[in-house]
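Chain naming here is simple, since letters A, B, ... match the order of the sequence lines and numbering starts at 1 in each. Bear in mind the structure is a predicted one, so any value in this text is a computation, not a measurement.
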Amino acid sequence: MSDIAERVGRILDDPENWPSDPREAVALQRRKAALVREERLDAASVRTIAGLDVSYAKDDTALAAAAVVVDVATLEVVESVAIDSEVSFPYISGLFSFRELPPVLKALGRLRTTPDVYLCDGFGLAHPRRFGVASHLGVLLDLPVVGSAKSVLYGRHSVPGDERGSWTPMVAGRSEIVPDSAALAADGAEVIGRVLRTRTGVKPVYVSVGHRVDLEGAADLVLRLSPRYRVPEPVRHADRLCGEHRKETLAARRAHGE
DNA sequence: GCGACAG
DNA sequence: ATCTTGTCGC
């Protein structure tokens, strides 16, 4: 068993980590947000990165999670795992990680590879309490995690230029489009993330620091991982894999008469 | 109180 | 997120 698998087991087994009440979950977020650290990440030095995602059935009957490790230089898949699990927390915007992390951690525990960085489909600091899923995972493991989301939850930002690579800062505040978020940042507003155009003429993604990375390095990495699709490849692979796995699990259950 | 609301 | 057919465009 890998070192990570052992740590993951302890994290999953500790009931302190998994409140069943949303109010307690919010209190946990406020407590643990203080543990998030920002560290410089040299995107060029990252060899492998694990993309993480979860797939649900609409009626909560089945759930699957996947972790796909990709070589940053070649974008080749190094290793991939998919697992099935049960729903243990409702979907509540802002408390997303209490629903997604148990299955994600279970998948990470099955990985033989030890990736340099993890990439979540969601936010880190760009969260009302600065504790989105990427920060939550990062603090639990004390490892580098980047958040890359497909829509906004929280934060004010302006629209970046149309070209791939264009970006604007996201600053603290209720979700809103503003004329010039860079000016707000220059005036001292708290920068919580970055709106990044990964494909020319296509809706941008929203990058934020999870834990032990910096925004510059996180955005650099996400752009490198998105040479042909809007969503960075590790997350895209994980998304496809857990979707397939959930359907296969459901088909297998039906074959056994359930 | 009202509206917004990652996946 | 999921369910779901066709359709518009490079």
(request) Could you tell me whether the side chain of H211(A) and the main chain of L143(A) form a donor-acceptor pair under 3.5 Å? (result) no
(message) Clusters formed by hydrophobic residues whose side-chain heavy atoms approach within less than 4.5 Å: which one holds V202(A), and what are its other members?
(response) none
(request) Please check if the side chain of T198(A) supplies one atom and the backbone of R230(A) the other of a donor-acceptor pair under 3.5 Å. (result) yes
(request) Tell me, please, which residues at least two apart from R156(A) pass salt bridge (charged side-chain N to carboxylate O under 4.0 Å, His left out). (result) E176(A)
(request) Taking the six-membered ring for Trp and the single ring otherwise, decide whether the centroids of H157(A) and Y206(A) are under 6.0 Å apart. (result) yes
(request) Dump the intermediate steps for side-chain contact (heavy atoms from CB on, under 4.5 Å) on R7(A) and I4(A), then the final yes or no. (result) CA-CA 5 Å; R7(A) 293 161 63 188; I4(A) 297 285; 3.9 Å; yes
(request) Give G147(A) one of three labels, base, sugar-phosphate or nothing, depending on what nucleic acid heavy atoms sit under 4.0 Å from its own. (result) nothing
(request) Treating a pair as Watson-Crick (purine N1 to pyrimidine N3 plus N6-O4 or O6-N4) or G-U wobble (N1-O2 and O6-N3) with both distances under 3.5 Å, list the stems of 3 or more consecutive pairs that involve DNA chain B. (result) none
(message) Distance under 4.0 Å to a non-hydrogen atom of chain A counts as contact; along DNA chain B, which nucleotides mark the start and end?
(response) dC5(B) to dG7(B)
(message) Tell me if the centroids of the rings in F98(A) and H136(A) come within less than 6.0 Å of each other.
(response) yes
(request) Among residues two or more places apart or on two chains, list those pairs meeting side-chain hydrogen bond (donor to acceptor under 3.5 Å, both in side chains) that have a residue in residues 180-194 of chain A. (result) R130(A)-E190(A), S158(A)-S181(A), R194(A)-E216(A)
(message) I'd like to check the salt bridge (charged side-chain N to carboxylate O under 4.0 Å, His left out) partners of R224(A); sequence neighbours left out, ordered by chain and number.
(response) D220(A)
(message) Please identify which of these residues, V152(A), L215(A), L184(A), meets the side chain to side chain contact (heavy atoms under 4.5 Å, CB included) condition with M170(A).
(response) V152(A)
(request) Can you sort out which residues in residues 54-69 of chain A have a heavy atom within less than 4.0 Å of DNA chain C? Ascending by number, please. (result) S55(A), Y56(A), K58(A)
(message) Distance check, rounded to the nearest 0.5 Å: K106(A) atom NZ versus R110(A) atom CZ?
(response) 5.5 Å
(message) Going by the rule salt bridge (charged side-chain N to carboxylate O under 4.0 Å, His left out), which residues pair with R40(A) if we only count those two or more places apart in sequence or in a different chain?
(response) none
(message) Need two values: the first and the last nucleotide of DNA chain C, 5' to 3', having an atom under 4.0 Å from any heavy-atom of chain A.
(response) dA1(C) to dC3(C)
(request) Just jot down the salt bridge (charged side-chain N to carboxylate O under 4.0 Å, His left out) partners of D142(A), sequence neighbours excluded, or say none. (result) R37(A), R212(A)
(request) Whenever both distances are under 3.5 Å in a Watson-Crick or G-U wobble pair, mark it; put DNA chain C into dot-bracket that way, with [ ] for crossing pairs and | when the partner is on another strand. (result) ..........
Which donor-acceptor pairs under 3.5 Å do side chains of residues 72-90 of chain A form with protein atoms, sequence neighbours excluded?
from   : atom 1 : to      : atom 2 : distance (Å)
T74(A) : OG1    : E76(A)  : N      : 3.1
E79(A) : OE1    : R112(A) : N      : 3.3
E79(A) : OE1    : T113(A) : N      : 2.8
E79(A) : OE1    : T113(A) : OG1    : 2.2
E79(A) : OE2    : R112(A) : N      : 3.0
D84(A) : OD2    : T249(A) : OG1    : 3.4

(request) Could you tell me whether the side chain of N17(A) and the main chain of I11(A) form a donor-acceptor pair under 3.5 Å? (result) yes
